[in-house]
Undergrad: 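The structure that follows is given in the form of structure tokens.
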Amino acid sequence: MPDIHAVVESLRTFMATGGPVLWVIGAVAACMGFIIIERYWYVYLVFPASGRATLRRWQHCAGMAAAPAQRVRQAMVSEARLSLSRMLPLLKALVALCPLLGLLGTVTGMIQVFDVVAALGTGNARAMAAGISRATIPTMAGLLVALPGLYFSLQLEQLTGRKAQELGDRLRMAREARV
């Protein structure tokens with residue numbers, strides 16, 4: 001098992017090689033991870049109780065006529081859909097931001113390469129390599145963070161749509177069972 005200090009030092013070296021943009025990409029990745037975990041926690045642990053509460057509220061509408069009851073049902077399903085998809089727009093924005101941050105890292109790294117070329121010429125490959133590394137690492141990191149973020153945001157969007165639809169179906173069946 002690797003020494004924790006060696007792992008931390010390698011990570012610190014990697015982050016320093018990628019430049020300050022890589023730290024921003026890391027912070028965005030952490031935010032995305034927190035949002036993804038929170039959304040799964042909400043969908044699987046909190047929302048079932050909320051759905052049961054919505055079903056109980058729906059049962060209090062037993063004497064309503066069909067048209068008003070339908071509007072109440074639609075409002076309840078819309079409220080559930082909003083609560084299920086609460087953080088998804090932010091998650092999608094962060095996913096879209098990652099490749100752009102990678103591109104920013106590319107530009108800043110290439111500026112460093114051009115500074116080296118202007119000062120030392122093209123003969124100093126070692127000095128140019130640091131800028132090229134600073135240009136490619138954030139690009140790779142931005143794409144590497146965006147891909148799983150995109151996967152989870154699409155999966156959460158489908159999951160929340162399915163859960164809202166299931167709630168709507170349960171409300172409809174509860175109404176039909178009473179009539």
Side-chain angles (χ1 to χ4, degrees), residues 1-52 80-167:
M1 183 159 161
D3 180 29
I4 189 71
H5 297 293
V7 171
V8 168
E9 189 57 37
S10 327
L11 182 61
R12 188 175 327 183
T13 303
F14 176 74
M15 296 299 280
T17 304
V21 174
L22 196 56
W23 288 99
V24 175
I25 292 172
V28 169
C31 289
M32 287 172 45
F34 288 131
I35 291 170
I36 290 167
I37 290 168
E38 186 273 337
R39 286 290 83 197
Y40 278 110
W41 173 78
Y42 181 81
V43 168
Y44 286 113
L45 297 176
V46 174
F47 183 71
S50 175
R52 288 189 296 274
R81 190 177 306 275
L82 283 173
S83 70
L84 282 165
S85 63
R86 186 172 57 96
M87 296 295 280
L88 294 184
L90 177 59
L91 179 60
K92 288 179 183 180
L94 293 175
V95 166
L97 182 64
C98 286
L100 296 174
L101 288 171
L103 182 61
L104 177 63
T106 300
V107 171
T108 58
M110 292 311 293
I111 289 171
Q112 182 178 353
V113 170
F114 293 140
D115 285 344
V116 167
V117 168
L120 304 174
T122 58
N124 193 341
R126 183 176 297 274
M128 289 180 5
I132 293 170
S133 177
R134 183 163 284 185
T136 55
I137 289 175
T139 305
M140 175 203 59
L143 293 174
L144 192 64
V145 169
L147 289 174
L150 180 62
Y151 171 78
F152 284 114
S153 87
L154 292 174
Q155 188 181 45
L156 280 166
E157 191 172 14
Q158 291 174 349
L159 180 64
T160 58
R162 191 171 56 244
K163 292 289 186 181
Q165 182 65 42
E166 288 171 4
L167 178 64

Undergrad: Would you say that Tyr40 contacts Leu45 through its side chain, given a criterion of any heavy-atom pair below 4.5 Å between the two side chains?
TA: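 Side chain of Tyr40 against side chain of Leu45, heavy atoms only: no contact under 4.5 Å found.
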
Undergrad: Hey, can you pull the donor-acceptor pairs under 3.5 Å for the side chains in residues 11-34, sequence neighbours left out?
TA:
unit_1 : atom_1 : unit_2 : atom_2 : d
Thr13  : OG1    : Glu9   : O      : 2.9
Thr17  : OG1    : Thr13  : O      : 2.7

Undergrad: What residues, two or more places apart in sequence or in another chain, satisfy side chain to side chain contact (heavy atoms under 4.5 Å, CB included) together with Arg52?
TA: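 Arg52 satisfies side chain to side chain contact (heavy atoms under 4.5 Å, CB included) with Pro48, Ala49, Arg56, Arg170 only.
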
Undergrad: Could I get the full list of salt bridge (charged side-chain N to carboxylate O under 4.0 Å, His left out) partners for Glu157, not counting sequence neighbours?
TA: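 By the salt bridge (charged side-chain N to carboxylate O under 4.0 Å, His left out) rule, Glu157 matches Lys92.
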
Undergrad: Using the side chain to side chain contact (heavy atoms under 4.5 Å, CB included) criterion, which residues pair with Leu90? Sequence neighbours excluded.
TA: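 Per chain and number, Leu90 pairs via side chain to side chain contact (heavy atoms under 4.5 Å, CB included) with Ile35, Met87, Leu94.
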
Undergrad: Salt bridge (charged side-chain N to carboxylate O under 4.0 Å, His left out): which pairs involve residues 145-156, sequence neighbours left out?
TA: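 Applying salt bridge (charged side-chain N to carboxylate O under 4.0 Å, His left out) to every pair that reaches into residues 145-156, excluding sequence neighbours, yields nothing.
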
Undergrad: Can you tell me how far apart CZ (Phe152) and CD1 (Ile37) are? Round to the nearest 0.5 Å.
TA: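 Result: 9.5 Å between the selected atoms.
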
Undergrad: The criterion is side chain to side chain contact (heavy atoms under 4.5 Å, CB included); which residues satisfy it with Val7, sequence neighbours excluded?
TA: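 Val7 satisfies side chain to side chain contact (heavy atoms under 4.5 Å, CB included) with Pro2 once adjacent residues are dropped.
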
Undergrad: Does Val107 have any side chain to side chain contact (heavy atoms under 4.5 Å, CB included) partners at least two apart in sequence or in another chain, and if so, which?
TA: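 So Val107 forms a side chain to side chain contact (heavy atoms under 4.5 Å, CB included) with Ile111.
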
Undergrad: If the condition is side chain to side chain donor-acceptor pair (under 3.5 Å), which residues does Ser83 pass it with, not counting sequence neighbours?
TA: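 Applying side chain to side chain donor-acceptor pair (under 3.5 Å) to Ser83 gives Tyr42.
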
Undergrad: For Tyr44, check side chain to side chain donor-acceptor pair (under 3.5 Å) against everything at least two apart and list the hits.
TA: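 Side chain to side chain donor-acceptor pair (under 3.5 Å) check on Tyr44 returns nothing, list empty.
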
Undergrad: For residues 26-36, which residue pairs qualify under side chain to side chain donor-acceptor pair (under 3.5 Å), counting only residues two or more places apart or in two chains?
TA: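 Of all non-adjacent pairs touching residues 26-36, none passes side chain to side chain donor-acceptor pair (under 3.5 Å).
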
Undergrad: Could you give the distance from OG (Ser50) to CG (Leu167), rounded to the nearest 0.5 Å?
TA: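 Nearest 0.5 Å value for the OG-CG distance: 8.0 Å.
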
Undergrad: Sequence neighbours left out, what passes salt bridge (charged side-chain N to carboxylate O under 4.0 Å, His left out) with Glu38? Give chain and number order.
TA: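 Applying salt bridge (charged side-chain N to carboxylate O under 4.0 Å, His left out) to Glu38 gives Arg86.
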
Undergrad: Measure the spacing between OG1 of Thr108 and CG of Leu103 and express it to the nearest 0.5 Å.
TA: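 Reported to 0.5 Å precision, the distance equals 9.5 Å.
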
Undergrad: Can you list the residues that meet the side chain to side chain donor-acceptor pair (under 3.5 Å) rule with Thr106, with sequence neighbours excluded?
TA: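 For Thr106, the residues satisfying side chain to side chain donor-acceptor pair (under 3.5 Å) (neighbours in sequence not counted) are Thr139.
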
Undergrad: Can you find a heavy atom in the side chain of Lys163 that is under 4.5 Å from one in the side chain of Leu159?
TA: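 Yes, close enough: below the 4.5 Å cut-off.
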
Undergrad: Enter the distance from Tyr151:OH to Ile36:CD1 here, rounded to the nearest 0.5 Å.
TA: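 The distance works out to 10.5 Å.
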
